[in-house]
K.L.:
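Submitted below is the structure of interest, expressed as structure tokens.
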Amino acid sequence: MSERKIPTKLLLEEKELPQYWYNMNAVLPEKHDPPLHPGTLQPCKLEDFEGVFCTELAKQELNVTDEYIPIPEKIKDFYKMIRPSPLIRAYCLEEALGTPAEIYYKFEGNNTSGSHKLNSAIAQAYYAKEQGLKALTTETGAGQWGTALSMACAFFGLDLTVYMVKCSAEQKPFRKTVMETYGAKVYKSPSETTEVGKRILQENPNTTGSLGCAVSEALEAAVKTPNCKYVLGSVLDHVILHQSIIGQETKFALEKYGIEPDLLVSCIGGGSNFGGFVAPFIKDKINGKAKYEIRAVEPKSCPSLTRGKYAYDFGDTGKMTPLLKMYTLGSGFVPSPNHAGGLRYHAMNPIVSKLYHDGYINCTSVEQTSVFEAAVKFAKTEGILPAPESSHSIKVVIDEALKCKKTGEKKKIVFCLTGTGYFDLNAYAQYNNKTMTDYIPTDEDLEKSFATIPDIPQNK
Ligand SMILES: *Cc1c(COP(=O)(O)O)cnc(C)c1O
């Protein structure tokens with residue numbers, strides 16, 4: 001079908017690696033509302049973030065002026081081992097679909113964490129080390145972030161404690177083994193090791209856990225441990241900043257090979273890979289110069305953009321974080337345990353939320369079984385077993401490519417294949433033996449979790 005004038009792998013050389021991270025906050029025509037201190041309800045100052053976060057990361061979080069932020073040499077050296085990641089033309093998938101569309105994917109799964117998470121983990125561990133810290137704490141949902149940070153902490157010689165959402169820990173016991181192999185301490189969350197964990201367990205002894213709850217535990221542990229800070233793998237603006245390496249490489253490669261995209265697609269959990277993937281494309285979108293559409297994909301079971309409220313909310317169940325203006329289902333939202341993999345967070349990064357609110361990006365929500373159907377189709381044609389998260393994008397990409405088959409349109413579709421699914425075999429087994437179910441929260445379910453959004457003047 002395709003004439004293959006374009007190579008299968010649209011490679012960049014090491015010297016073409018981006019030298020800067022791209023800061024969308026510097027180019028948004030209207031800034032998103034600032035993070036608020038939960039006590040005073042005043043915009044957060046650097047000191048408010050420094051209590052729990054590394055100073056340099058807190059500075060990046062609040063930086064709304066510098067469009068380009070230089071990547072430190074040591075981080076670039078680490079990136080060189082895993083990057084540039086390949087941009088791949090999915091010729092075999094195109095052929096299987098019989099579509100005239102061109103499909104490209106940026107593959108971020110080629111490291112032990114199996115995802116893009118290492119791009120930010122290595123940066124965050126670096127700044128912690130530079131600041132003279134000895135330890136970090138974090139939460140992990142599906143486990144990729146915990147793994148990535150374990151790798152980064154091992155590299156820089158930092159201690160790490162990970163709170164892993166209970167149901168994921170039970171679905172994926174080997175994730176724990178990988179993290180421990182890299183030297184991390186891993187607890188199932190909620191755990192008995194923190195006050196907030198004990199409280200949540202008392203209130204609801206059978207809870208399967210949630211990311212919001214694991215964040216609370218990791219925050220508490222960081223505050224109580226000397227020379228220790230808390231780090232987060234998604235949701236915050238500085239994480240998206242680090243992930244902009246993905247979008248820049250994608251843009252460089254597309255330009256190098258003369259490809260003008262029509263549609264950019266990626267999945268959203270907390271928004272980090274999506275934000276990073278689209279970052280360098282946003283300016284043209286804002287200026288009205290871009291002819292491409294930008295599309296986020298979320299699960300119907302955790303629909304923060306498509307059904308959430310745009311409001312100030314906490315990032316965690318224990319209500320300890322600064323308040324962020326974002327699309328949220330309420331920090332009390334606990335996704336159904338039948339939902340596999342990541343993309344289970346109750347809210348969405350403030351930049352991604354703002355872009356959606358202002359109409360620069362679209363969002364589609366998809367059901368779990370249809371996602372796995374797409375995943376299997378991709379696995380059979382492209383030689384990679386995709387992560388369930390990434391497969392949300394694959395579902396939308398396949399649907400778009402099939403539309404092109406009807407219309408004859410030669411759309412150029414580019415998506416971010418965020419990771420691999422080797423630790424998600426329980427979910428694949430459920431799909432294969434047809435025990436996988438779909439779950440869509442009812443309006444009443446959502447009303448309950450919306451009730452946990454803080455009742456403050458800014459939300460009126
Ligand atoms: C964490 C993760 C996601 C979702 O998180 P974002 O912060 O929204 O990018 C998607 N895919 C994979 C493979 C992940 O590990």
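Index from 1, following the sequence. In listed order, ligands and their atoms are each counted from 1. Atoms considered below: every heavy atom in the structure, side chains included; atoms not considered: hydrogens, waters and symmetry mates.
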K.L.:
Would Lys309 count as a cation-pi partner of Phe450, with NZ or CZ less than 6.0 Å from the six-membered ring centre and within 45° of the ring normal?
P.N.:
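Because its charged atom sits under 6.0 Å from the ring centre and within 45° of the axis, Lys309 does stack over Phe450.
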K.L.:
Check Lys80 with Asp77, please: is the shortest side-chain N to carboxylate O separation under 4.0 Å?
P.N.:
yes
K.L.:
Applying side-chain hydrogen bond (donor to acceptor under 3.5 Å, both in side chains), can you list everything that pairs with His37, at least two apart in sequence or on another chain?
P.N.:
none
K.L.:
Could you name the protein residues that come within less than 4.0 Å of ligand 1, counting only heavy atoms, and order them by chain and residue number?
P.N.:
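These residues qualify: Ser115, His116, Lys117, Gln144, Ser234, Cys267, Ile268, Gly269, Gly270, Gly271, Ser272, Asn273, Leu343, Ala387, Glu389, Thr418, Gly419.
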K.L.:
Would you confirm whether the ring centroid of Tyr105 sits within less than 6.0 angstrom of the ring centroid of Phe378?
P.N.:
yes
K.L.:
Got a salt bridge between Arg83 and Glu249, using NZ or NE/NH1/NH2 to carboxylate O under 4.0 Å?
P.N.:
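Yes.
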K.L.:
Between Tyr292 and Phe281, is the gap from one ring center to the other below 6.0 Å?
P.N.:
yes
